[in-house]
Number of protein chains: 2
Amino acid sequence: MNRTASIKDVANQAGVAVGTVSNVLNYPDRVSQRTKERVLKAIDDLGFVRNDAARQLRAGHSRTIGLIVLDVGNPFFTSLVRAAEDAAALQGSAVLLGDSGHNESRESNYIDLFQEQRVQGLLISPVGDVTARLNVLRERGVPTVLVDRLADDAMFSSVSVDDDEGGYLAARHLLDIGRRRLAFVGGPLSIHQVADRLRGAQRAVKEEADATLEVLDSEGQSVLAGRCIGNRLVERPAKNLPDGIFCANDLLALGVMQSLTMMHTLRIPEDIALIGYDDIDFSVSAVVPLSSIRQPTEAIGRTAIELLTEELESQQVRHRAVVFTPELVVRQSTAGSEAGVKASL
Amino acid sequence: MNRTASIKDVANQAGVAVGTVSNVLNYPDRVSQRTKERVLKAIDDLGFVRNDAARQLRAGHSRTIGLIVLDVGNPFFTSLVRAAEDAAALQGSAVLLGDSGHNESRESNYIDLFQEQRVQGLLISPVGDVTARLNVLRERGVPTVLVDRLADDAMFSSVSVDDDEGGYLAARHLLDIGRRRLAFVGGPLSIHQVADRLRGAQRAVKEEADATLEVLDSEGQSVLAGRCIGNRLVERPAKNLPDGIFCANDLLALGVMQSLTMMHTLRIPEDIALIGYDDIDFSVSAVVPLSSIRQPTEAIGRTAIELLTEELESQQVRHRAVVFTPELVVRQSTAGSEAGVKASL
DNA sequence: ACGAACAGTTGAATCGTTTCATTGTTACGA
DNA sequence: TCGTAACAATGAAACGATTCAACTGTTCGT
């Protein structure tokens with residue numbers, strides 16, 4: 001088992017000093033053509049590969065950015081992660097990905113891990129209250145940008161989407177197509193995004209005197225959780241059913257839809273209109289193409305990296321909070337009764 | 001900007017030698033209770049966090065496993081990644097994730113990156129022919145396990161699913177419900193998994209004298225690619241249409257389904273039966289719940305880590321090739337005309 | 001012919017941890 | 001009292017890359 005070659009081995013092989021090899025790698029202009037060629041040949045012959053740990057040790061930090069998301073299984077985050085990775089790659093950094101799964105201790109473990117790895121900076125969609133920890137990190141020169149959450153104090157930059165507005169758009173749309181007995185599916189309400197979307201929905205419902213909003217607390221945000229809620233709904237007598245349902249995300253909505261359509265007695269959207277949130281790819285191809293609230297995931301990921309880079313480059317920046325506005329996407333699951341609203345792609 | 005504390009600072013603060021601090025961290029039993037307490041107090045006071053780069057440098061390798069997949073946006077891989085991460089975490093390793101996006105140069109970049117990071121081992125679902133590079137890695141003590149691909153020589157361990165058999169199952173099922181003019185959607189055929197699934201389908205079709213199989217080459221494996229193929233299909237005169245379609249994965253199938261159902265003239269499964277591959281979560285809640293071929297993603301991810309661990313622990317193992325068998329899942333998109341086959345969850 | 005200016009090259013010091021041979025301390029039986 | 005375990009703690013030497021002040025030639029102007 002031959003140990004991998006080090007810069008020293010390359011220097012020997014090429015008959016130069018280690019400093020010269022390092023210069024060939026990092027400042028090629030400082031080295032003469034002849035020497036460069038010999039060194040490069042030696043590198044090739046020995047199959048030398050830089051040891052990143054040694055570089056980092058010397059540099060005091062890695063060229064890595066930590067990213068902690070709530071759920072990689074959720075296409076919203078998958079898409080966000082992709083955009084962040086691409087943006088980071090452009091500026092020469094790699095992304096370390098952590099999936100907290102809405103779990104505070106997993107989240108905390110990832111922060112520990114990333115701290116040990118000496119990441120340059122951190123993007124996080126937080127579960128628990130990590131402000132204190134993040135402050136410590138910042139004091140040590142590791143800036144953080146909050147993702148999919150508005151920074152409440154002026155301590156951090158953040159990239160978020162106006163979830164209150166999104167909730168309003170969704171509920172307002174249900175009201176606009178004539179629904180009055182609305183239900184909100186999502187939970188637990190301790191999840192920031194869920195609470196905001198609900199608040200927005202409540203705001204819309206207050207605008208119509210005869211409208212009501214029932215809250216159905218779900219266990220998480222998965223297709224499965226949605227199916228549970230749906231199964232509970234179909235057992236109700238028809239008159240107790242809502243006529244418009246707003247789900248806190250598309251996975252939940254798809255789950256609810258499965259349950260409702262399994263019984264062939266309920267029709268979507270005639271009996272119950274259904275709208276989700278996130279506009280994931282799969283919503284278009286659902287049993288009934290799902291209306292949804294679209295968030296600009298790529299822009300979020302890209303912007304997050306940009307804000308982080310700003311903080312990395314200038315020592316003393318004012319923190320910025322970028323808030324995107326979500327957008328209503330109407331498809332068949334809420335096709336209005338009054339007009340033949342065409343399904344949109 | 002106060003530099004983060006090092007083990008040396010901790011040693012000073014606690015009034016002990018650096019070696020002792022290291023022992024507290026790594027071999028608590030070797031240190032007396034009193035000293036341990038003082039050191040731990042110092043660690044806490046200074047907010048000391050181990051520098052992983054330094055550990056790695058000393059150790060000569062990281063506690064990290066590289067994983068390169070073809071497409072993180074594909075739920076098949078998302079699920080596989082999750083299982084691998086969990087299995088790795090159990091044995092104290094972290095997973096570095098790379099998404100090659102079916103692109104050879106991105107794949108190559110990730111191998112470079114992981115090599116610089118001195119990963120312990122590598123799991124890869126390869127795009128190009130990377131055998132040579134992987135051999136070099138192995139000679140340097142970095143074992144590789146191939147994922148979702150059978151190792152053709154005895155040089156590597158591998159975890160795969162019998163794609164030929166899966167293709168056979170899918171096509172055989174279409175034949176069994178009486179379809180004869182079959183079409184296969186997938187591409188490019190240079191993708192190993194696609195080619196194998198097609199071959200299996202062809203094998204099944206040969207068993208029925210009057211059956212034919214048309215191959216529709218798609219640009220990639222996304223929902224969008226499926227929609228393209230679907231749009232081309234609906235323009236054909238009805239008599240030229242296939243009566244059974246097998247798609248190389250569920251994303252494609254969902255795309256095709258979207259196009260076909262957009263025209264309200266074609267019915268699934270009456271006019272065209274449709275089956276996909278992977279059995280992703282979203283297939284259940286498709287317009288018409290999608291029949292599919294299920295692969296044991298969690299088992300694949302877990303097994304890959306296990307095989308890698310085997311190679312890491314014993315120097316000279318015989319390489320193993322684990323092959324899982326896929327499973328047919330029948331839903332409404334291929335509900336047979338002869339019997340009311342009930343949609344399954 | 002001398003020194004200045006400059007481009008190339010050198011190699012020791014550094015980063016923070018782990019390892020391990022060595023030293024110091026205590027306890028106990030002979 | 002001495003010898004010897006057994007146990008704790010020490011601190012110097014790695015690991016591999018980068019940095020930078022110092023050094024060596026070479027060229028050029030006077």
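Reminder, nothing fancy here: chain letters follow the sequence lines and each chain counts from 1. Excluded from the calculations below are hydrogen atoms, water molecules and symmetry mates; all remaining heavy atoms, backbone and side chain alike, are included. Fair warning: this is a prediction, and the values are worked out from it, not measured in the lab.
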Using a 4.0 Å cut-off to any heavy atom of chain B, which nucleotides of DNA chain C are the first and last in contact, reading 5' to 3'?
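With heavy atoms of chain B under 4.0 Å away, the range is C/dG16 to C/dT19.
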Which part of the nucleic acid, if any, lies within contact of B/R55, taking any heavy atom under 4.0 Å across all strands shown: a base, the sugar-phosphate backbone alone, or nothing?
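Sugar-phosphate, no base atom in range.
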Would you classify A/N26 as touching base, sugar-phosphate or nothing, given that sugar-phosphate means primed atoms plus P, OP1 and OP2, and contacts are heavy atoms under 4.0 Å?
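Contact class for A/N26: sugar-phosphate only.
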With a 3.5 Å cut-off and no angle check, do the side chains of [X] and [Y] form a donor-acceptor pair?
X: B/H102; Y: B/E107; answer: no
X: A/Q221; Y: A/D71; answer: no
X: A/S158; Y: A/R320; answer: no
X: B/Q91; Y: B/S93; answer: yes
X: A/R138; Y: A/N135; answer: yes

Charged N to carboxylate O under 4.0 angstrom, B/D112 versus B/R133?
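A salt bridge links B/D112 with B/R133.
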With the threshold set at 4.0 Å, does a side-chain nitrogen-carboxylate oxygen contact exist between B/R302 and B/D86?
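The answer is no: the pair does not qualify as a salt bridge.
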Please tell me if the side chains of B/E310 and B/P143 come closer than 4.5 Å, counting only heavy atoms from C-beta onward.
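Sidechains of B/P143 and B/E310: no contact.
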Can you find a pair of side-chain heavy atoms, one from A/L67 and one from A/V81, that are under 4.5 Å apart?
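When only atoms from C-beta onward are counted, A/V81 and A/L67 do touch, with a gap below 4.5 Å.
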Please lay out, stage by stage, how A/R82 and B/D99 fare under the test salt bridge (Lys or Arg N to Asp or Glu O under 4.0 Å).
CA-CA 9 Å; A/R82 254 225 190 107; B/D99 177 7; 3.5 Å; yes
Which parts of residues 13-25 of chain B get close to DNA chain C, meaning a heavy atom less than 4.0 angstrom away?
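Residues of residues 13-25 of chain B under 4.0 Å from DNA chain C: B/G19, B/S22.
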Quick one, which residues of residues 27-47 of chain A touch DNA chain C with a heavy atom under 4.0 Å?
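Here the set is A/R30, A/V31, A/S32, A/T35.
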Grab the two heavy atoms, one from B/F156 and one from B/T144, that are nearest each other, plus how far apart they are.
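Closest approach of B/F156 to B/T144: CD2-O, 3.9 Å.
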Please report how far the helix from C/dA1-D/dT30 to C/dA30-D/dT1 bends, comparing the axis fitted to its first five pairs with the axis fitted to its last five, to the nearest 10 degrees.
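If I round to tens, the end axes sit 60° apart.
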Whether the side chain of B/K8 engages the backbone of B/V18 through a donor-acceptor N/O pair (distance < 3.5 Å, no angle test) should be reported.
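Not a single qualifying donor-acceptor pair exists.
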Counting N and O atoms only, with roles assigned by atom type, does the side chain of B/T78 sit under 3.5 Å from a partner on the main chain of B/N74, one being a donor and the other an acceptor?
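Looks like yes, one N/O pair under 3.5 Å.
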Keeping to residues at least two apart or across chains, list the side-chain hydrogen bond (donor to acceptor under 3.5 Å, both in side chains) pairs with something in residues 16-27 of chain B.
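Listed by first then second residue: B/S22-B/N26, B/N26-B/R50.
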From CG (A/L46) to OG (A/S6), nearest 0.5 Å
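Between atom CG of A/L46 and atom OG of A/S6 there are 9.0 Å.
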Of all nucleotides in DNA chain D that come within under 4.0 Å of a heavy atom of chain A, which is furthest toward the 5' end and which toward the 3' end?
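It runs D/dG16 to D/dT19.
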